[in-house]
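A short write-up of the structure that comes next.
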Amino acid sequence: MEIYDVIVAGSGAAGMTAAVRARELGLSVLVIEKAHKYGGTSATSGGVIWVPNHRLGTDDSKEETFRYLDAVTSGPIRRDRVEAFVDTGSELVAFLKSISMEPVVMPWPDYFAEAPGARADRSIVFPIYDGRKLGDHFTTMREQFTRFKLLNRYTMDFVETNTIASRAKGWLLTLAKVTGRYWTDFGTRRLTRRDRLMSLGGALIGPLRQRLIEKGVEVRLGTAVEELVVEGGRVTGVRTRRYGNVATIQARQGVIVCAGGFEWNQSLRDRFFTVPGSIRWSSTPEDANDGKLLEAGLAIGADTEFTETGWWVPTMPTPIKGVSNFEEIHQAVFDVGRPHSVCVNRNTERFVNEACGYDRFGDAMLRDQVATGANTPCWLIFDATFRYKFPAGGIMPDAIMPDRSIPPDWWDHYIFKADTLDALADKIALDGEKLKQVVARMNDYARTGKDPEFGRGDTAYDRNFGDPTLIPNPCLGTIGKAPFYAIPVNLGDLGTKGGLKADARARVLDREGQPIPGLYAAGNASGSPFGNCYPGAGGTIGPAMVFGFIAANDIAEQARAASLGGYMHNQAAAAE
Ligand SMILES: Cc1cc2nc3c(=O)[nH]c(=O)nc-3n(C[C@H](O)[C@H](O)[C@H](O)COP(=O)(O)OP(=O)(O)OC[C@H]3O[C@@H](n4cnc5c(N)ncnc54)[C@H](O)[C@@H]3O)c2cc1C
């Protein structure tokens, strides 16, 4: 029987942080990963981490953070859990720095930029990481979301991405730098198409994995944790399956469930979500998070919370057959809020400020679907000016992807086009008169700069992704230049928000509210500390890492207390 102090199930941001911390605290650790690559959704992600009051040279404070969180969160949020998150964030950051991970503060406005206490310096990222440092483990790291790379190939950091995407001053030079460093990396080019440099989620998972390599911690790939072993009311290990072989591995001090959400489990979606949707709308890797450990937790009496909702992001799946969802899915994070466009439900009515944060957009879709039954999918309607300037899902701007290069079978299936709004409405079963009225109103708002219906472009967050050359409102441009286009938008996700109910020490609670000894959870495997709220960029990975860190601290603390207790007991026995 294999025995470790700590078993971590899942190798995303939550699992890697828990494992690195537990090892640094002197515990023996095994990370068990179901997929054949490590890193989870986290490795594919933007790698942005929301850590308020991170103490990296800004003047944020705990009070300011709570002013913001109190204003934007609602529902049954547990104060002690949010406090644990806020109090431990800066400790986590200091710890990461101590293992040579140097965070960079990004100037992203919080997602409720209009709320009291909102700021634009709570999100951090890590600089580009050289995958060579991973040695043989480079190839087994899950690759970044291909859409985050230039032409699905060249690694870019956020600054480079923004410079090129917005054709800001010096963009051609940046383009040359990004492609040049790829092609002049002769050694790697001889071996693989994959860029050795890693940014975003890769720059987060890479250094954590490196630390585990240096500390001799195994990440066992292709091994699913299927059951939690309970002895005498305590979780003492896990049952795993690897290539059909079942094994039991013992955890002396604790098991930390960091196995992500349940977005790839259709029956759990159907059971928990108000609007079930399809697993294929998810933008997370399809071979990863199937919620099996949520089921394993339920089987031993664990409680759950916030399972009714996801981290929403509107998605547009391109009609390409036989490819993984990574090739298929386009996150329409910013596309839906660009000027010269509007979103309507299938009753031809607007339902949201289209330029708001993606999670709010998804939440609005969900509410509208519940209210009208005419959303999921809704429609993004845009004109030729939008088409010229901006991408829409899988359709790149006209200059890169003119209409003639769009595959013929995408027309009137994925993308619809007509010379008039009436004809477009006809094609997609909307009400032509209502569509013309919606567009006429949007055109008025573009002229006045005010959207009295939904306030599009009123906040710093909205304006961040508008067109700065548009006056008076960068998020509002007239929709008037034919031809007109439409693309359906689904209620996609970045993972699920709910899972095992855990306390401020990341201990999983049973249905009586008591901690289940030996069992911890972090990341999307557990309920979000913010409930149904996505407070800022990095609002999922931030708490995932913080609670992974907290779980490791708690286990080490318990182990110390137990060994001290044992020592005292022995001393007392010897004295007698
Ligand atoms: C394209 C994209 C960009 C994103 N960008 C950001 C961002 O910048 N900032 C942000 O905060 N959020 C972002 N998100 C969301 C974020 O990536 C996830 O919410 C977060 O990574 C979840 O972390 P985790 O550690 O809980 O789970 P994951 O990173 O998904 O890791 C879970 C791991 O557990 C493994 N696993 C599952 N079941 C088992 C089992 N039974 N046994 C063993 N292993 C198992 C999975 O294979 C997986 O590797 C993004 C998501 C996507 C798709």
Side-chain angles (χ1 to χ4, degrees), residues 7-19 30-51 106 108 111 123-126 141-142 144-148 158 199-201 203-205 208 219-228 238-242 255-265 282-297 310-313 315 325-326 329-331 333 358-359 492-497 499 521-526 528 534-545 547-548:
I7 291 176
V8 177
S11 65
M16 287 292 198
T17 308
L30 173 67
V31 180
I32 303 179
E33 169 54 56
K34 181 189 113 180
H36 292 277
K37 300 219 164 173
Y38 64 88
T41 312
S42 309
T44 73
S45 77
V48 186
I49 310 168
W50 195 71
V51 194
M106 296 302 288
W108 270 307
Y111 285 178
S123 300
I124 58 173
V125 294
F126 289 93
M141 178 160 148
R142 196 181 278 284
Q144 275 173 252
F145 191 43
T146 40
R147 315 267 186 253
F148 289 172
F158 278 108
S199 63
L200 319 184
L204 168 66
I205 294 298
L208 289 171
V219 177
R220 191 167 297 171
L221 300 178
T223 308
V225 176
E226 294 194 328
E227 279 174 53
L228 298 163
V238 297
R239 204 112 49 220
T240 62
R241 183 178 295 272
R242 181 177 164 81
V255 171
I256 313 179
V257 179
C258 300
F262 58 87
E263 60 271 15
W264 284 94
N265 186 321
S282 180
S283 63
T284 75
E286 61 189 306
D287 58 338
N289 302 333
D290 59 8
K292 292 292 181 213
L293 271 168
L294 174 59
E295 291 174 335
W311 300 107
W312 304 124
V313 66
T315 52
N325 80 311
F326 258 38
I329 281 285
H330 280 266
Q331 295 179 335
V333 177
Y358 38 92
D359 185 61
D493 62 72
L494 303 167
T496 47
K497 275 190 189 129
N524 290 350
S526 59
S528 159
Y534 199 144
T540 89
I541 296 180
M545 294 181 72
F547 281 104

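As the structure lists them, so they are numbered: ligands from 1, and atoms in each ligand from 1. The shown structure was predicted, so the numbers you read here are calculated from the model rather than taken from an experiment.
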> In ligand 1, which numbered atoms sit nearer than 4.0 Å to a non-hydrogen atom of C258?
Replying inline: 32 (C), 33 (C), 34 (O)
> Do the rings of Y111 and Y534 sit parallel, tilted or perpendicular, given the 30° and 60° boundaries?
Replying inline: tilted
> Where the closest heavy atom to atom 28 (P) of ligand 1 is concerned, which of T41, I32, I329, V219 has it?
Replying inline: T41
>> Regarding atom 35 (C) of ligand 1: of the candidates E33, R147, H36, K34, which has the closest heavy atom?
In response: E33
> Taking the non-hydrogen atoms of K37, is any one of them nearer than 4.0 angstrom to ligand 1?
Replying inline: no
> Which ligand 1 atoms are under 4.0 Å away from a heavy-atom of N524?
Replying inline: 18 (C), 19 (O), 22 (C), 26 (O)
> Numbering the atoms of ligand 1 from 1, which are under 4.0 Å from a heavy atom of S283?
Replying inline: 53 (C)
> Does W312 reach the side chain of Y358, with side-chain heavy atoms less than 4.5 Å apart?
Replying inline: no
>> For a 4.5 angstrom cut-off between non-hydrogen side-chain atoms, does L228 reach L293?
In response: yes
>> For a quick test of reading the model, state the closest non-hydrogen atom pair linking Q331 to F148 and the distance between them.
In response: OE1-CZ, 4.0 Å
> For the residue pair S282 and N325, what are the closest heavy atoms and their distance?
Replying inline: O-ND2, 3.0 Å
> Contact between G495 and ligand 1, counting heavy atoms under 4.0 Å?
Replying inline: no
>> Which of the numbered atoms in ligand 1 are under 4.0 angstrom from any heavy atom belonging to A14?
In response: 25 (O)
> For F148, is the nearest heavy atom under 4.0 Å from an atom of ligand 1?
Replying inline: yes
> G523 heavy atoms, cut-off 4.0 Å: which ligand 1 atoms fall inside?
Replying inline: 26 (O)
> When W311 is tested against each of T41, D359, T284, N524 for side-chain hydrogen bond (donor to acceptor under 3.5 Å, both in side chains), which residue passes?
Replying inline: N524
> Below 4.0 Å from any atom of ligand 1, is there a heavy atom belonging to Y534?
Replying inline: yes
> Does S526 reach the side chain of F547, with side-chain heavy atoms less than 4.5 Å apart?
Replying inline: no
> Under the criterion salt bridge (charged side-chain N to carboxylate O under 4.0 Å, His left out), which of R241, R239, K292 is the partner of E226?
Replying inline: R241
